[in-house]
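Here's the structure, in structure tokens; my notes come after.
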There are 2 protein chains.
Amino acid sequence: MLKIGALASLAGVSRDTLRFYEKHGLITPDTRTDSGYRLYSETDVYRISFILSAKEVGFTLNEIHQLLELEVTKDDKSCHDVKQFVDNKIQVVNQRLGEMEKIKQSLKTLSNACCGGDEPATHCTILGALSVQNR
Amino acid sequence: MLKIGALASLAGVSRDTLRFYEKHGLITPDTRTDSGYRLYSETDVYRISFILSAKEVGFTLNEIHQLLELEVTKDDKSCHDVKQFVDNKIQVVNQRLGEMEKIKQSLKTLSNACCGGDEPATHCTILGALSVQNR
DNA sequence: CTTGACCTTGGACTATACTCCACCCTTTAT
DNA sequence: ATAAAGGGTGGAGTATAGTCCAAGGTCAAG
Ligand SMILES: [Zn+2]
Ligand SMILES: [Zn+2]
Ligand SMILES: [Zn+2]
Ligand SMILES: [Zn+2]
């Protein structure tokens, strides 16, 4: 049984983060001492590790919450369910990637049109382009 | 002279948004009526248009604030300054793009390793991979 | 003179992921 | 016995970009 500080240092997060995750349903202490201290099991280190790994590949805490539910109920879930969840996320990431690519192109167009010289920017095409109502 | 509702509908934003932008220094009414109503000049339509255009190419309100300052003081600024501002932003967008690309790759690797079948997910490689401490 | 449209301010709420704080209690060590 | 280390709760603050609401003032028309 680990107290919050022990789990925190084993898992590499702060005590505050653990309490935050608890508030958001990502982890719960197994019990409490009589004085109210949280007591975690050793396997919770892996649970935190799961959370951190999932965060690293771009899942939000909310999505991780859903993933953890998949994990807990994995006897009732199929690989199909899990894979679909990930594939969904890939779609979302792809979409966002497309948007950012468009933004980058717009910025490049803007930048390329500007002379970049040392004269006053009164004639600057960037400032000009932004001032115009485009849609 | 336009009251807030008129400017809002001309510019295609809400009255609340205009007051929000004012609070953040992006726009200020020319005057107020005796009763306290905000009065804007017609050219403020273009100012809002500038803000919206800049938002569309990915600038944050904070950055737009700086851009607007460039615009106002364009006699003292050079094209070089303006271009540099945009080029900076391109760098930031590029970095973010790289991060998201990495995330996408991780997700794809995860997805590809999963059989996607209808059997229980107890053996699922996705769940497995996330549980393992990677770093 | 009253209704309705429009305006004012201030403050609360949304999502995301925490961090930091005050104030207090418990446990451990000297 | 006492001090330090660690734990508890509740609430505020961070950044981003607003939205929504309440309570009240103003203005034109019927
Ligand atoms: Zn130039
Ligand atoms: Zn220029
Ligand atoms: Zn499988
Ligand atoms: Zn699987």
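Every chain is numbered from 1 and lettered A, B, ... according to where its sequence line falls, protein lines coming before strand lines.
- In this structure, A:Tyr21 does not reach the C:dA17 phosphate: none of its side-chain N or O atoms is under 4.0 Å from OP1 or OP2.
- The salt bridge (charged side-chain N to carboxylate O under 4.0 Å, His left out) test applied to B:Lys104 returns no partner, not counting sequence neighbours.
- More than 12 heavy atoms of other residues, nucleotides or ligands sit less than 6.0 Å from atom CZ of B:Arg19.
- The stretch residues 91-108 of chain B does not touch DNA chain C, since none of its heavy atoms comes less than 4.0 Å from the strand.
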Each base of DNA chain D marked ( ) or [ ] if paired in-strand (Watson-Crick or G-U under 3.5 Å), | if paired to another strand and . if unpaired gives ||||||||||||||||||||||||||||||
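- Scanning for ring pair (Phe, Tyr, Trp, His ring centres under 6.0 Å) contacts around B:Tyr37 gives an empty result, with sequence neighbours left out.
- Residue pairs satisfying the ring pair (Phe, Tyr, Trp, His ring centres under 6.0 Å) criterion with at least one member in residues 57-82 of chain B, sequence neighbours excluded, are listed as follows: B:Phe59-B:Phe85.
- For the pair A:Glu22 CD and D:dG7 P, the computed distance is 14 Å after rounding to whole Å.
- By the side-chain contact (heavy atoms from CB on, under 4.5 Å) test, A:Val72 is found to be paired with A:Arg47, residues two or more places apart in sequence or in another chain being considered.
- B:Leu10 and B:Leu39 fall into different hydrophobic clusters, where Ile, Leu, Val, Met, Phe, Trp and Tyr residues are linked whenever their side-chain heavy atoms come under 4.5 Å apart, directly or through other members.
- With respect to the salt-bridge test (charged N to carboxylate O, under 4.0 angstrom), the residues A:Lys74 and A:Glu71 qualify.
- Take B:Thr125 and apply the side chain to side chain donor-acceptor pair (under 3.5 Å) test, not counting sequence neighbours, and it matches no residue.
- The CG-C1' distance, from B:Leu7 to C:dC7, rounds to 14 Å in whole Å.
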For nucleotides 19-28 of chain C, just jot down a letter per nucleotide in 5' to 3' order: B, S or -, based on protein non-hydrogen atoms under 4.0 Å. SB-----BS-
In residues 20-32 of chain B, what donor-acceptor pairs under 3.5 Å come from side-chain atoms, sequence neighbours left out?
unit_1	atom_1	unit_2	atom_2	d
B:Glu22	OE1	B:Arg38	NE	2.7
B:Arg32	NH1	B:Gly36	O	2.9

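- Considering only side-chain atoms of B:Ile4, the nucleotide from D:dT9, C:dC7, D:dA17 that sits closest is C:dC7.
- At most 12 heavy atoms of other shown residues, nucleotides or ligands fall within 6.0 angstrom of atom CD in A:Gln91.
- For A:Arg96 and A:Glu99, the salt-bridge test passes: some basic side-chain N is under 4.0 Å from an acidic carboxylate O.
- For the pair A:Glu56 CD and C:dA17 P, the computed distance is 14 Å after rounding to whole Å.
- Regarding B:Phe59, its CZ atom lies at a distance of 17 Å from the C1' atom of D:dA17, rounded to whole Å.
- The hydrophobic cluster containing B:Val92, built from Ile/Leu/Val/Met/Phe/Trp/Tyr side-chain heavy atoms closer than 4.5 Å, comprises no other residue.
- Of the residues in residues 60-67 of chain B, none has a non-hydrogen atom less than 4.0 angstrom from any atom of DNA chain C.
- Residue pairs satisfying the ring pair (Phe, Tyr, Trp, His ring centres under 6.0 Å) criterion with at least one member in residues 88-120 of chain B, sequence neighbours excluded, are absent.
- Crowding of B:Lys83 atom NZ: a count of heavy atoms from other residues, nucleotides or ligands under 6.0 Å exceeding 12.
- A straight line from CZ of B:Arg15 to C1' of D:dT19 spans 12 Å, rounded to a whole angstrom.
- For the pair A:Arg38 CZ and D:dG8 C1', the computed distance is 7 Å after rounding to whole Å.
- Rounded to a whole Å, the CG atom of B:Leu18 is 13 Å from the P atom of C:dT9.
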